[in-house]
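As the structure lists them, so they are numbered: ligands from 1, and atoms in each ligand from 1. No experiment lies behind these values; they were computed from the predicted model shown.
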Amino acid sequence: MKTWFVAATMAAVIAPSISTAQTTFDVPGLFARVDTDRDGRITPAEIRPDSGADFDRYDLDGNGLLSRDEVRKQQLLHAQASAGSATLTPAILEQVTANAFVYFDFDQDGRVTREDYIQRGISQLLEADFNRDGVTTREELHRFHRQTPR
Ligand SMILES: [Ca+2]
Ligand SMILES: [Ca+2]
Ligand SMILES: [Ca+2]
């Protein structure tokens, strides 16, 4: 369940597109969308507009905050698009929603703002930056998600 949650939130933050049940993270799709200068590396400056657009998609009432309900709907959408949906009981959905809400609330003030969401997206990207040079390469992201580069 923990693994499923991590996969779901990864998808939620930086990979809205999930191609198949086997692929929970669409690395080529992410690069196609986010690597705007096409140099094979994703920088925080590149992930920022993508995370912002992702936030706007889930901020259903447009008030600049993700409410618990909005996070729940987002987690549900991602669960339905991934292999984990089979295990998604109402109790698990509530737990996943609570975890995701805390996770997205980057400054931990109890509200998920657009900036929180963007900062979480950036920090998540940098987790995959194994050699800590401030950019994440295609190979690093594949390694992070344990996929063979395509
Ligand atoms: Ca780039
Ligand atoms: Ca909202
Ligand atoms: Ca916050």
Side-chain angles (χ1 to χ4, degrees), residues 2 5-19 23-82 84-85 88 90-150:
K2 182 124 197 301
F5 163 70
V6 170
T9 52
M10 286 301 290
V13 175
I14 54 176
S17 49
I18 296 173
S19 50
T23 305
T24 55
F25 193 92
D26 180 10
V27 173
L30 179 75
F31 268 85
R33 199 177 65 249
V34 178
D35 181 20
T36 46
D37 66 2
R38 298 278 176 268
D39 67 350
R41 311 175 329 157
I42 293 178
T43 63
E46 286 174 325
I47 203 80
R48 171 170 279 279
D50 188 65
S51 293
D54 202 40
F55 178 91
D56 294 341
R57 194 156 40 240
Y58 296 115
D59 179 17
L60 300 173
D61 63 3
N63 73 343
L65 297 170
L66 287 193
S67 66
R68 192 66 71 116
D69 270 354
E70 286 166 338
V71 171
R72 184 182 298 109
K73 280 175 188 152
Q74 180 230 32
Q75 291 296 310
L76 193 57
L77 282 175
H78 283 281
Q80 286 165 348
S82 79
S85 57
L88 196 68
I92 292 177
L93 178 61
E94 282 318 298
Q95 189 57 54
V96 162
T97 299
N99 291 349
F101 192 89
V102 170
Y103 184 74
F104 293 145
D105 180 14
F106 192 75
D107 65 4
Q108 301 290 290
D109 71 347
R111 307 182 330 151
V112 178
T113 63
R114 198 168 191 273
E115 191 60 26
D116 282 325
Y117 197 85
I118 289 169
Q119 287 302 326
R120 180 54 71 199
I122 291 171
S123 84
Q124 208 166 38
L125 176 76
L126 294 179
E127 275 177 46
D129 173 22
F130 287 103
N131 69 355
R132 295 284 178 259
D133 66 350
V135 299
T136 301
T137 63
R138 201 182 298 270
E139 290 68 30
E140 283 174 327
L141 207 54
H142 277 294
R143 183 176 153 198
F144 190 69
H145 294 287
R146 294 185 186 83
Q147 292 178 3
T148 309
R150 281 178 275 178

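Rounded to 10°, the angle formed at the Ca ion (ligand 3) by OD2 of Asp116 and OD1 of Asp105 is 100°. Our summary of the site lists the angle at the Ca ion (ligand 3) between OD1 of Asp107 and O of Arg111 as 160°, to the nearest 10 degrees.
Distances from the Ca ion (ligand 1) to the N/O/S atoms of Asp37 are shortest for OD1. For the Ca ion (ligand 1), the nearest N, O or S atom contributed by Asp39 is named OD1. Per residue Asp35, closest N, O or S atom to the Ca ion (ligand 1): atom name OD1. The Ca ion (ligand 3) sits nearest to atom OD1 when only the N, O or S atoms of Asp109 are considered.
Distance OG1/Thr136 to CG/Asp129: 4.5 Å, rounded to 0.5 Å.
Glu70 and Gln74 are not linked by any side-chain donor-acceptor pair at a separation below 3.5 angstrom, with hydrogens and angles left out of the test.
Between Asn99 and Thr97 there is no side-chain heavy-atom pair separated by less than 4.5 Å. For the pair Gln124 and Phe144, the minimum side-chain heavy-atom distance is 4.5 Å or more.
Between the side chain of Asp116 and the backbone N or O of Thr113 there is at least one donor-acceptor pair closer than 3.5 Å.
Under a 4.0 Å N-O distance rule, the pair Asp50/Arg33 qualifies as a salt bridge. Using a cut-off of 4.0 Å between Lys/Arg side-chain N and Asp/Glu carboxylate O, Arg41 and Glu139 are scored as not salt-bridged.
For the side-chain hydrogen bond (donor to acceptor under 3.5 Å, both in side chains) test, residues two or more places apart in sequence or in another chain that qualify with Glu94 are Arg72.
For the Ca ion (ligand 2), the nearby protein N/O/S atoms, meaning those under 3.0 Å, are Asp59 OD1, Asp61 OD1, Asn63 OD1, Leu65 O, Glu70 OE1, Glu70 OE2.
Within a 6.0 Å radius of CZ in Arg68, other residues, nucleotides and ligands contribute more than 12 heavy atoms.
For the Ca ion (ligand 3), the set of nearby N, O or S atoms under 3.0 Å includes none belonging to Gly110. Among the atoms of Gly40, no N, O or S atom is found under 3.0 Å from the Ca ion (ligand 1).
In this structure, Phe104 and Tyr117 have tilted ring planes: the angle between them lies in the 30° to 60° band.
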